[in-house]
Every structure is written in C-alpha cells, then in structure tokens.
Amino acid sequence: MLDIRKIRENPDFYRERLARRNSGDEKSVALLLALDEKRRKTLQESEALKSERNRASKEIGAIKAKGGDIAEKSAEVKKIGEQISALDQEIVRIETEQNDLLLRTPNINHDSVPVGTSAADNRVERIVGEPVKLDFKPKPHWEIGAQLGLIDLEAATKISGSGFIVFRGAGARLQRALINYLLDLHTLQHGYTEVSPPFLVRGESMIGTGQLPKFAEDMYRVEEEPPLYLVPTAEVPVTNLHREEILAADRLPIRYAAYTPCFRREAGSAGKDTRGMIRVHQFDKIELVHLVTPEESYATLEVLVGHAERVLKDLGLHYRVLSLCTGDIGFGAAKCYDLEVWAPGVGAWLEVSSCSNFEDFQARRMNLRYKNGEGKNIFCHTLNGSGLALPRLFIALLETYQQADGHVLIPEPLRPYLGGQQSL
RNA sequence: GGACAGGUGGCUGAGUGGUUUAAGGCACUCGACUCGAAAUCGAGCGUACCUUCACCGGUACCGUGGGUUCGACUCCCACCCUGUCCGCCA
C-alpha cells in the first residue's frame with residue numbers, strides 16, 4: 001500500500017511512476033487526492049465539534065455538582081452530538097473508499113527497474129552455465145516421466161481435473177527428496193529459520209501480502225464464515241507471521257524458509273505452457289522470506305537471489321536471471337528478479353523463482369513495524385523469493401539429465417536424499 | 001462443543017457514570033550527587049490521525065464492534081481471544 005501522505009506531497013512523482021507500469025493506475029492519484037482532501041476537511045470539522053462537546057460536558061458536570069439546572073446545556077450538547085455522528089459516518093465512508101482504492105493500487109518501482117510494457121522488455125542480467133549437450137533428441141518431461149513411471153497425468157485428471165499431477169514411486173520420492181534438500185540447504189547453509197505454516201489463511205493475510213482484494217479470482221476460496229483461502233504461496237502465511245507487530249530492532253533481520261503446497265486457479269491460462277506439468281493448480285515450493293530494515297533491503301534482495309541461484313548452480317542446471325520490467329513486474333514488488341531454468345526437452349526457459357523486494361508495500365498493509373534506535377516505529381521492508389518451485393525444477397532435472405538409454409542421472413547433491421541412488 | 005474466570009501502557013496494577021489530563025510501582029532514558037558505581041533525589045517516558053515552518057494545540061484509542069447517555073474504562077448487547085476444567089478427536 002502506498003503512503004497517502006507521500007502522494008499528497010509529491011503527486012506528480014507518483015503519477016509518473018505509476019504510469020511506467022502501463023496499467024492505467026496513475027489515474028487513481030487524482031481520485032486519492034480528492035478523497036484525502038475531503039477526509040481531512042471532514043475530520044477537522046468533526047474534531048472541532050468533539051472538542052466543543054468535551055468542554056460542554058464538563059461544564060454540565062460542574063453545574064450538576066452545584067445542583068444547577070442542566071436542561072438547556074444538555075439539549076445543546078445533544079445537538080452537537082448529532083452533528084458529530086453525521087460527520088463521523090461520512091468520514092468512515094470516505095476512509096473506506098480511499099482505503100479500498102489504495103489496496104488496489106500497485107507499488108511504484110525502484111529506479112533500477114527497466115521501463116517496458118511486456119515480458120519482452122525484461123532485462124537479462126546474466127546467463128549462467130551452458131545448455132546440456134545431448135547426442136540424441138531430448139525428450140520432453142512428460143515422456144520421460146511416463147516411461148519411468150514417475151508421474152501420472154491421466155490419473156491426476158481423473159481425480160481432480162486438468163492441471164494436477166500425481167507423482168508415483170521414484171517420482172514421489174524425488175519430490176520428497178527435493179523438499180528436504182532445499183530446506184536443509186537454506187536452513188543449514190543460508191541461515192533461514194524453518195517454518196511450517198497453515199495452508200489455509202484468512203482474508204486479512206491475503207490483503208497483507210497483496211493478493212486481495214484485487215486478485216480474488218486467482219485464489220481458491222473455502223466457503224467458511226469468515227472465508228478461508230488456500231495459500232497461493234508460502235509468502236502469505238510466512239510474511240504475515242509478524243503482522244500487527246512492532247519488532248525490537250535487534251530482532252531484524254528475520255529470515256524464514258518454508259515448504260508449502262501452492263494453490264492457484266490461474267484462470268484463463270491456456271496455450272503453450274499447459275502441456276505436462278509446467279503450469280498446474282497445485283505445486284510444491286520452498287519459499288524464502290526476509291523482514292529487514294529499509295536501509296538494507298536492496299542489498300538483501302541480491303543476497304536472496306544468490307540463495308536461489310545457489311540451488312541451480314549446485315544442481316548443475318543452466319539458467320538465466322531477468323530483471324522484470326515495469327510492465328511485467330508483480331503488483332506489490334518494487335523490484336523483482338526472475339530465475340529461469342533451461343529445459344532442453346521442451347526447449348524453453350522456465351520460471352522457477354521470483355525474488356522481490358516489496359519495500360514497505362506489504363508492511364503497511366499488515367501494519368508490520370520495528371522500533372529503530374531513536375525509538376521511532378518504522379515500517380519494515382519485506383522480501384521473498386522462491387527457493388525453488390518444484391515442478392519446473394523437476395522438469396529441468398529430468399530433461400537435463402536424461403540419458404540415451406532412457407534413465408535419468410541424479411545430480412550429486414541430491415543423492416544423499418535418495419538413499420545414495422545415482423539414477424532413476 | 002460445554003462450564004467457569006479473565007482481557008487497562010514494555011511489564012505490573014488501581015479505577016463501578018463527571019478535576020482520569022488512565023493513579024501507584026517496575027523497567028527504560030536524561031540530569032544531579034560520586035573518582036566511578038550502587039543507593040538516593042529530580043525530570044522525562046504509549047500509539048495513530050489532524051493542524052503548524054516549528055513550538056503549541058486538537059481528536060481518538062482501556063480485547064473488537066454496536067447501543068444507552070449531555071458525557072462511558074465504568075452501564076447494556078453481540079462477538080473475539082486467553083486461562084482452567086469437562087467432552088470429542090488423528
């Protein structure tokens with residue numbers, strides 16, 4: 001959520017920055033300012049009347065103590081009370097409208113974010129490793145998976161519909177091995193605290209990280225009163241761990257790593273990515289979350305990307321790092337790097353991680369602050385990144401390490417998690 | 001799910017309709033005293049919003065939301081949470 005006071009002080013800056021996103025959100029600035037002006041004016045009126053009422057009520061107390069007649073004064077104050085009540089209703093109405101608009105307005109982007117209109121304008125920061133050299137035509141993962149009995153897409157469709165996966169045998173075991181490998185790497189070597197959060201969250205949490213109110217149609221909702229949402233990413237429960245808190249300065253930085261399944265409706269997604277297990281409604285992911293001070297958030301973003309890249313390097317996979325442009329970056333991110341791994345079977349770069357600095361965008365929504373050295377309450381900066389998303393990592397492993405004889409080699413770091421097994 | 005008890009600042013704890021401007025204590029910060037410290041003494045010490053260049057000032061907040069009243073920490077209603085006991089349960 002953007003700071004209305006900063007918008008008030010520098011509307012042109014916000015208009016220009018929002019316009020860079022190419023989403024039309026800069027139109028909200030004028031609307032927000034009008035609401036803000038109205039709100040403050042009404043608030044002043046109401047508060048002046050309240051001051052008047054407080055003063056008069058005390059007088060009544062004094063008159064009564066002396067045994068005087070309060071009828072006239074009473075009627076006068078009652079009238080003031082009615083005016084106050086009308087103004088306060090108006091204030092609530094304006095605040096609700098302003099707040100709703102703020103919750104639907106995206107973050108502005110950091111100076112270093114490339115300006116552009118679509119994924120084509122994303123900047124390639126670096127390409128790491130080489131595409132694997134195979135002396136045969138690489139097969140796509142769905143063929144490899146079916147041959148080795150690792151995945152069963154037809155069974156998944158039968159029980160849940162399209163966009164779901166059933167892992168079987170060694171495939172299921174590989175999934176489990178990847179979860180353990182990734183959690184161990186990040187907790188033991190990168191200093192993250194492991195968290196195992198609920199997979200169902202309340203609407204407030206979804207607002208906190210920015211999925212609601214704008215992207216409700218992408219989420220699975222459980223009809224409860226109040227409703228619950230299936231987590232689209234561990235970012236939601238984990239970042240919200242400290243919502244509504246004022247953290248002592250010495251508790252920062254906080255680093256959490258969490259495994260959860262992720263549930264996404266991905267409405268309207270049809271086309272080239274839908275074959276096999278590239279885009280599914282439920283997938284496993286290890287998520288990394290940082291809560292930091294504003295001063296260190298951009299340095300932390302680089303560290304976070306490094307932690308995600310470490311996985312791909314250790315597993316010997318070919319990948320590239322993109323800096324997402326203003327037209328492609330997510331709603332809440334001030335800056336975002338995507339990691340894409342090369343999948344030779346499908347011949348495509350697949351996104352396996354998205355590492356974002358939200359600055360104080362999420363912290364404002366969830367009222368997450370820390371007390372700095374001067375005793376001031378400051379909004380934290382929040383970051384998160386996948387480390388990594390499993391299905392596409394699974395795809396890259398199968399397609400990269402496939403052998404002419406149909407087997408798949410297991411990269412060294414994963415072998416201890418598969419009982420020393422060297423191939424599938 | 002049921003019964004009972006409770007929810008007031010960082011902590012503790014008073015406050016049953018009107019100088020509550022939320023007492024007192026602890027902790028913390030600053031100052032005095034001291035060679036230094038302890039003890040002691042003095043002062044300060046919540047959050048948010050509005051206003052102001054700033055000082056000053058105003059409003060709201062005692063679990064949450066409503067209600068009664070000229071006026072609510074205090075009375076009424078609903079809900080939430082915590083504790084204890086009981087029930088159910090992988």
Side-chain angles (χ1 to χ4, degrees), chain A residues 1-11 32-103 196-208 222 224-229 237 240-252 254 261 360-380:
Chain A
M1 182 156 70
L2 299 176
D3 184 351
I4 186 66
R5 275 174 301 185
K6 288 185 186 158
I7 297 176
R8 194 194 301 152
E9 283 162 18
N10 209 343
L32 285 168
L33 288 176
L35 286 166
D36 184 50
E37 176 117 22
K38 187 85 195 298
R39 180 183 63 85
R40 285 187 298 153
K41 189 167 156 284
T42 313
L43 187 62
Q44 279 171 44
E45 284 172 32
S46 168
E47 288 187 351
L49 287 174
K50 280 175 182 166
S51 178
E52 173 74 16
R53 178 177 68 182
N54 286 345
R55 203 182 47 69
S57 289
K58 270 187 192 155
E59 273 176 38
I60 291 172
I63 293 167
K64 228 179 149 185
K66 288 180 198 149
D69 178 24
I70 61 164
E72 192 186 334
K73 202 84 190 168
S74 239
E76 184 190 316
V77 178
K78 183 164 189 163
K79 212 166 193 174
I80 296 176
E82 282 159 8
Q83 292 176 51
I84 290 171
S85 163
L87 287 171
D88 282 354
Q89 275 180 37
E90 177 67 2
I91 291 166
V92 167
R93 193 193 62 73
I94 297 168
E95 278 180 347
T96 304
E97 192 179 340
Q98 177 180 306
N99 196 45
D100 188 62
L101 186 54
L102 278 174
L103 287 176
S196 180
F199 302 160
L200 288 165
V201 298
R202 310 197 303 174
E204 289 92 321
S205 297
M206 297 286 272
I207 288 171
V222 177
E224 284 287 312
E225 196 46 57
L228 290 168
Y229 296 84
N240 276 284
L241 278 172
H242 297 287
R243 64 175 294 122
E244 312 280 350
E245 287 185 21
I246 301 173
L247 300 165
D250 60 14
R251 294 204 49 193
L252 298 179
I254 290 174
D360 64 6
F361 188 83
Q362 295 180 325
R364 273 179 198 287
R365 291 172 159 249
M366 61 179 78
N367 203 18
L368 164 61
R369 294 169 293 173
Y370 79 101
K371 205 174 268 295
N372 73 2
E374 292 164 359
K376 289 235 184 254
N377 297 333
I378 312 282
F379 286 110
C380 297

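Every chain is numbered from 1, with letters handed out A, B, ... down the list of sequences. Quantities reported herein were computed from a predicted structural model and do not represent experimental measurements.
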Under 3.5 Å, which N/O atoms of the protein pair with N/O atoms of nucleotides 70-72 of chain B?
residue : atom : partner : partner atom : Å
B/C70   : OP2  : A/K78   : NZ           : 3.3
B/C70   : O4'  : A/S74   : O            : 3.3
B/C70   : O4'  : A/S74   : OG           : 3.3
B/G71   : O4'  : A/S57   : OG           : 3.3

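Distance CD1/A/I63 to NZ/A/K58: 14.5 Å, rounded to 0.5 Å.
Taking the C1' atom of each, B/C76 and B/C26 are spaced 36 Å apart, rounded to whole Å. Between the C1' atoms of B/G13 and B/G24, the separation comes to 8 Å (whole Å). The same atom, C1', is picked in B/G15 and in B/A90; the two are 48 Å apart, to the nearest Å. Between B/C62 and B/G67, the distance separating the two P atoms is 15 Å to the nearest Å.
Taking a pair as Watson-Crick or G-U wobble with both distances under 3.5 Å, the runs of three or more consecutive pairs in RNA chain B are B:1-7 with B:80-86, B:10-12 with B:24-26, B:28-32 with B:40-44, B:46-50 with B:57-61, B:63-67 with B:75-79.
A salt bridge between A/K6 and A/E9 is absent, with no side-chain N of the basic residue lying under 4.0 Å from a carboxylate O of the acidic one.
B/C49 atom C1' lies 14 Å from atom CD1 of A/I94, rounded to whole Å.
At a threshold of 4.0 angstrom between heavy atoms, the contacts of A/R55 with the nucleic acid are absent.
The nearest heavy atom of RNA chain B to A/I4 and to A/K58 marks one nucleotide each, and the one closer to the 5' end goes with A/K58.
The side-chain heavy atoms of A/I378 and A/R369, taken from C-beta on, include no pair separated by under 4.5 Å.
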